[in-house]
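The residues of the chain are indexed from 1 along the displayed sequence. Worth saying up front: this structure is predicted, and the values here are computed from it rather than measured.
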Amino acid sequence: MRWELHSQLSQKTAMKLPFVVEPKAVETVAVGNEATGILNIPKLGDLSPVERRFLKQQNLIDIRREGIKLAAEIATKEGARLSDIYSALIQNDMTALSDYLGELIIFQDLVDEANDQKALALATAILRFRVMRDEDWTIEDTLNTDLLPPALVKEIVIFAHREETGWAEETAPPENPSDEELGNF
C-alpha cells in the first residue's frame with residue numbers, strides 16, 4: 001500500500017500545472033560544516049503544509065495558552081488587569097511578579113521545554129519531508145547521535161526557524177495583547 005501511495009504521488013509530481021509564469025527553481029541551502037557533515041536542504045521560504053501538519057500532530061506545549069492561564073490566576077488574586085500580568089509574565093518581569101517568583105520560575109521552565117520541543121519537532125519535520133523524504137523518520141531518529149551529530153541538529157533547527165519566518169531579517173516585538181484578546185484563549 002505504501003508503494004502505491006508513493007507511485008500515485010510520483011505521478012502527481014510529474015503532472016504540469018498550467019502556470020502563466022513558472023515558479024523559480026527551488027534553491028538549496030548547505031546546512032552544517034565539515035565537522036558535522038553538510039546537508040543540502042531545499043529552501044522553500046516557508047514551512048510546507050505537510051510540515052505544519054506534522055508540527056500540529058506533535059501536541060506541543062501551547063505556551064501562550066499556559067501563560068494566559070497563569071496570568072488569569074494571578075490577575076484574579078491581585079485584582080489586576082489580565083493584560084498587565086500577562087505582559088509581565090511574558091517579559092519575565094520579576095519585579096512586577098515578585099510575590100509569584102515560584103510560579104514565574106515554573107513558567108520559564110515551561111517556556112524552555114516548549115522551545116526545546118518545538119525545535120526538535122521542526123528539525124524532525126525538515127529531515128522527514130525534505131532531506132530523508134521518509135514518513136517513517138521520527139523524533140527519536142533526530143535525537144539518535146549515531147545518525148546525526150547534535151551540532152548538525154542545531155544547524156537544522158536554525159534553518160527550520162528561518163523557513164518558518166520566511167527568512168525575515170528581524171521582526172518588531174509583538175504588541176502587548178488586550179484583555180479582550182487574551183480572553184479569547
For this session: Show your reasoning for whether side-chain contact (heavy atoms from CB on, under 4.5 Å) applies to Val21 and Phe19.
Result: CA-CA 5 Å; Val21 176; Phe19 287 107; 5.9 Å; no
For this session: Kindly determine whether Arg53 and Val50 satisfy side-chain contact (heavy atoms from CB on, under 4.5 Å), including the steps that lead there.
Result: CA-CA 5 Å; Arg53 186 178 69 212; Val50 72; 3.4 Å; yes
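Placement of Leu147 and Ile38 in two distinct hydrophobic clusters is found when ILVMFWY residues are connected by side-chain heavy-atom separations under 4.5 Å, directly or transitively. Note on Leu152: it clusters hydrophobically with Met132, by side-chain heavy-atom contacts below 4.5 Å among ILVMFWY residues. The cluster map of Ile, Leu, Val, Met, Phe, Trp and Tyr, joined by side-chain heavy atoms under 4.5 Å apart, puts Ile61 and Tyr86 in the same cluster. Criterion: ILVMFWY side-chain heavy atoms under 4.5 Å apart, direct or through other members. Under it, Trp137 and Leu120 are not part of a common hydrophobic cluster. Under the 4.5 Å side-chain heavy-atom criterion for grouping Ile, Leu, Val, Met, Phe, Trp and Tyr, Val26 is not connected to Phe129 through any hydrophobic cluster.
Taking CG from Leu89 and CG from Asp84, the interatomic distance works out to 12.5 Å, rounded to the nearest 0.5 Å. Separating the OG atom in Ser98 from the CG atom in Asp93 is a distance of 9.0 Å, to the nearest 0.5 Å. Here the OG1 atom belonging to Thr142 is positioned 7.5 Å from the CD1 atom belonging to Ile156, to the nearest 0.5 angstrom. From Lys43, atom NZ reaches atom CZ of Phe159 across 8.0 Å, with rounding to the nearest 0.5 Å. Atoms CD1 and OG1, from Ile139 and Thr124 in turn, are 4.5 Å apart once rounded to the nearest 0.5 Å. Between the CG atom in Leu70 and the CZ atom in Arg65 there is a gap of 14.5 Å [rounded to 0.5 Å].
Across every non-hydrogen atom of Ala121 and Leu60, the tightest pair is CB-CD2, 4.2 Å. Closest approach of Ala123 and Val157 over heavy atoms only: CB-CG2, 3.8 Å. When all heavy atoms of Thr145 and Pro150 are compared, the pair lying nearest together is CG2-CG, 3.8 Å.
Side-chain atoms of Asn92 and Gln108, non-hydrogen and from C-beta on, do get closer than 4.5 Å to each other. With contacts defined as side-chain heavy-atom distances shorter than 4.5 Å, the pair Leu82/Thr76 does not qualify. Counting heavy atoms from C-beta on, the side chains of Leu127 and Leu39 come closer than 4.5 Å. Put simply, the side chain of Leu44 reaches to within 4.5 Å of the side chain of Arg130, judged on heavy atoms. With contacts defined as side-chain heavy-atom distances shorter than 4.5 Å, the pair Arg52/Gln57 does not qualify. Residues Lys69 and Phe107 have side chains not in contact (no heavy-atom distance under 4.5 Å, counting atoms from C-beta outward). Contact check for Thr36 versus Lys154: no side-chain heavy atoms found under the 4.5 Å cut-off. Residues Ile85 and Leu97 meet the side-chain proximity criterion, which asks for heavy atoms closer than 4.5 Å.
Judged by distance alone, the side chain of Gln58 and the main-chain N or O of Phe54 form a donor-acceptor pair under 3.5 Å.
Between the side chains of Glu51 and Ser48, at least one donor N or O sits under 3.5 Å from an acceptor N or O.
Under a 4.0 Å N-O distance rule, the pair Lys118/Glu164 qualifies as a salt bridge. With respect to Arg128 and Asp141, no salt bridge is recorded, no charged nitrogen being found less than 4.0 Å from a carboxylate O.
In terms of the side chain to side chain contact (heavy atoms under 4.5 Å, CB included) criterion, Ile106 has no residue partners (sequence neighbours excluded).
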